[in-house]
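Keep in mind that this is a model prediction, so the values were computed, not measured.
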Amino acid sequence: MATVQPPRHKHIVLTSHPGNFGQDSIEIKWGEADPNERGPIIATLGNRAHRNVIGTHSGGYAVYRALAVASGSLERDHRADLTNTAPTVSIGPHASWTVPDKIISLDPFGALDQELFSDLRAEGYDIRPSIAITKAHINIPELQEAVNQGRIHVDGKILKDGGELLVTKAAIEPAWHLPGIAKRFSVKESDLRRTLFEQTGGMFPELVTRPDLQVFLPPIGGHTVYILGDLEAITDPDRPLAVRIHDECNGSDVFGSDICTCRPYLVHGIEVALETAQAGGAGVIIYARKEGRALGEVTKFLVYNARKRQEGGDRADTYFTRTECVAGVQDMRFQELMPDVMHWLGITRIDQFVSMSNLKYDAVTQSGIEIVERISIPEGLIPADAQVEMKAKKAAGYYTEGDVPDETVLTQTIGRQYEDA
């Protein structure tokens with residue numbers, strides 16, 4: 001098969017200059033209830049005059065797209081054929097979508113199908129979804145063990161024989177409304193824009209040269225939402241809802257590393273979500289791409305080395321200290337943006353919140369969502385080497401129904417050393 005040859009350009013168009021970019025762009029009126037009044041997010045590259053945001057769709061993968069174009073594998077002006085890609089179920093619109101400050105890190109209208117803005121599409125505007133919703137079967141081996149132990153049961157509807165779960169799932173790309181982000185973090189928008197520009201190595205000059213562009217598609221991972229049970233139960237105050245918001249941990253979630261509680265807690269959250277769905281409600285698992293506390297895996301592994309090699313061993317009393325020594329902060333997840341995805345789902349109350357994090361709890365409740373009960377990870381699910389993490393977190397104020405470890409317990413809680421591996 002012949003490869004596509006990328007066209008040769010005589011000059012480079014710098015998007016930092018308004019005269020070369022955005023003359024025919026459509027204004028985005030963030031928070032408008034009518035999507036046609038709000039306006040579409042246009043981040044495609046085919047017609048630069050149409051673009052009305054900073055960045056591109058699938059920003060974290062834009063470099064791969066560039067490689068495909070440069071190598072001749074992808075046409076530079078390819079337009080997606082969106083036939084039959086509409087969501088398998090409808091989510092929203094909800095009242096929270098129309099409050100400008102309630103959702104500022106994703107596009108609530110991002111999942112609506114290609115029939116929306118059909119007039120603009122007919123005029124040549126390349127408008128693409130930033131949210132996709134589908135259905136799937138997933139298989140979590142630990143659930144079959146839970147069935148064998150009698151903790152959960154197969155109902156044939158949500159949980160099938162063999163441990164298969166029937167779920168609705170949504171993939172969400174981030175879309176930051178910069179004025180809203182600045183307001184939520186109590187910083188000046190101009191300072192936010194300049195810092196984003198500087199800390200991304202000058203990748204997005206429009207941040208500082210185009211104040212008229214208020215939406216930024218950052219080159220980061222988004223969210224995947226897994227929904228168990230009836231979607232209508234999510235917004236029904238008379239039906240129970242269980243939620244776990246889980247931050248990515250590739251080592252544990254995928255490969256089963258036992259230095260942390262991530263996969264056991266994720267599976268426990270799925271188990272609670274399943275039980276709630278089987279009781280006539282719904283269970284929601286929100287998976288956020290924030291690897292290593294949003295510090296990244298390289299930093300995380302460096303911290304592991306520092307913890308395991310320090311004098312006195314990997315101790316609970318220095319758990320956070322070693323992260324701060326390497327990264328400069330203990331945590332960069334900044335949960336202030338996290339509730340947005342819950343407001344997109346229309347959540348107003350959570351009956352069972354499967355999390356011990358006070359940062360997450362505070363962010364959710366301060367955004368106006370009620371939490372009835374908090375659920376911590378059962379002691380029997382904590383790997384031995386993860387006791388360092390768990391005791392350090394409890395001592396730091398994480399929610400627990402049990403005793404809070406004192407300084408003596410922290411210094412005596414020592415993890416496995418490399419020579420014992």
Side-chain angles (χ1 to χ4, degrees), residues 4 6-7 9 11-18 20-28 30 38-82 85 103-112 114 116-117 120-121 123-132 170-181 192-193 195-224 289 337 340:
V4 179
H9 294 284
H11 63 278
I12 296 174
V13 178
L14 296 178
T15 59
S16 59
H17 301 291
N20 296 328
F21 170 62
Q23 303 97 321
D24 300 324
S25 64
I26 297 169
E27 181 183 2
I28 297 173
W30 200 265
R38 203 294 303 272
I41 284 179
I42 305 174
T44 46
L45 302 169
N47 188 333
R48 293 185 181 276
H50 291 171
R51 289 169 51 78
N52 60 1
V53 300
I54 303 165
T56 67
H57 288 304
S58 302
Y61 296 91
V63 173
Y64 290 108
R65 186 167 62 241
L67 284 176
V69 171
S71 66
S73 300
L74 174 66
E75 293 184 6
R76 187 180 297 269
D77 58 353
H78 170 74
R79 293 192 63 161
D81 180 354
L82 298 176
T85 63
I103 300 176
I104 47 92
S105 63
L106 59 91
D107 175 13
F109 294 107
L112 299 181
Q114 62 266 27
L116 184 63
F117 309 122
L120 292 173
R121 296 176 195 276
E123 295 177 23
Y125 286 84
D126 188 359
I127 302 167
R128 303 189 188 184
S130 61
I131 300 175
I172 304 173
E173 292 180 357
W176 288 7
H177 181 238
L178 293 173
I181 298 281
L192 172 64
R193 284 173 172 268
T195 305
L196 285 169
F197 171 71
E198 292 175 342
Q199 293 300 314
T200 55
M203 290 171 61
F204 302 97
E206 301 94 334
L207 285 167
V208 291
T209 64
R210 296 296 309 277
D212 57 307
L213 298 181
Q214 296 189 337
V215 176
F216 174 43
L217 307 190
I220 59 174
H223 297 83
T224 309
R289 294 311 196 284
L337 300 179
D340 287 21

* With sequence neighbours excluded, what pairs up with R38 under the salt bridge (Lys or Arg N to Asp or Glu O under 4.0 Å) test? -> D107
* Nearest-0.5 Å distance that lies between atom CG in L217 and atom OG1 in T56 -> 7.0 Å
* Nearest 0.5 Å please: distance from the CD atom of Q214 over to the CD1 atom of I104. => 13.0 Å
* **Closest approach of D81 to T85 (non-hydrogen atoms, all atoms of both residues)** => O-CG2, 4.3 Å
* **Expected output: side-chain R193 to main-chain L207 donor-acceptor under 3.5 Å** => yes
* Is there a side-chain contact (heavy atoms from CB on, under 4.5 Å) between W176 and I220 once you walk through the steps? -> CA-CA 11 Å; W176 288 7; I220 59 174; 3.8 Å; yes
* So, for A175 and V215, which heavy atoms are closest and what is the spacing to 0.1 Å? -> CB-CG1, 4.4 Å
* Quick one: NE2 on H78 to OG on S73, what's the gap to the nearest 0.5 Å? -> 13.0 Å
* Asked: Would a 4.5 Å heavy-atom cut-off, applied to side chains only, mark I172 and S130 as touching?
  -> no
* Indicate yes or no for a side-chain donor-acceptor contact from R51 to the backbone of I41 under 3.5 Å, with no hydrogens or angles considered. => no
* Just jot down the side-chain contact (heavy atoms from CB on, under 4.5 Å) partners of A171, sequence neighbours excluded, or say none. => none
* Structure fact -> Taken in chain and number order and not counting sequence neighbours, the residues that satisfy side-chain contact (heavy atoms from CB on, under 4.5 Å) with E123 are L120, Y125
* If you look at every heavy atom in G222 and P174, which pair is closest and at what distance? -> CA-CD, 3.9 Å
* To do: Please test L82 against R121 for side-chain contact (heavy atoms from CB on, under 4.5 Å), starting from the C-alpha separation and ending with a verdict.
  => CA-CA 12 Å; L82 298 176; R121 296 176 195 276; 4.1 Å; yes
* Partners of T44 by side-chain hydrogen bond (donor to acceptor under 3.5 Å, both in side chains), sequence neighbours excluded? -> none
* List in chain and number order the residues that pass side-chain hydrogen bond (donor to acceptor under 3.5 Å, both in side chains) with S58, two or more places apart in sequence or in another chain; answer none if no residue qualifies. => E173
* To do: Drop me the distance from I54's CD1 to F197's CZ, to the nearest 0.5 angstrom.
  => 11.0 Å
* Can you name the residues that form a ring-ring contact (aromatic ring centres under 6.0 Å, His included) with H177, not counting sequence neighbours? -> W30
* Do R128 and D126 sit within salt-bridge range, that is, some charged N less than 4.0 Å from a carboxylate O? -> yes
* To do: Give a yes or no on whether the ring-centroid distance for F216 and F204 is below 6.0 angstrom.
  => yes
* Which atom names give the shortest non-hydrogen contact between N52 and I42, and what distance separates them? -> OD1-N, 2.8 Å
* **Polar side-chain atom of T195 near backbone of L192 as donor-acceptor pair, under 3.5 Å** => no
* CG of L45 to NE2 of H57: how many Å apart, nearest 0.5 Å? -> 9.5 Å
* Asked: If you measure from CD1 on I181 to OG on S105, what distance do you get to the nearest 0.5 Å?
  -> 6.0 Å
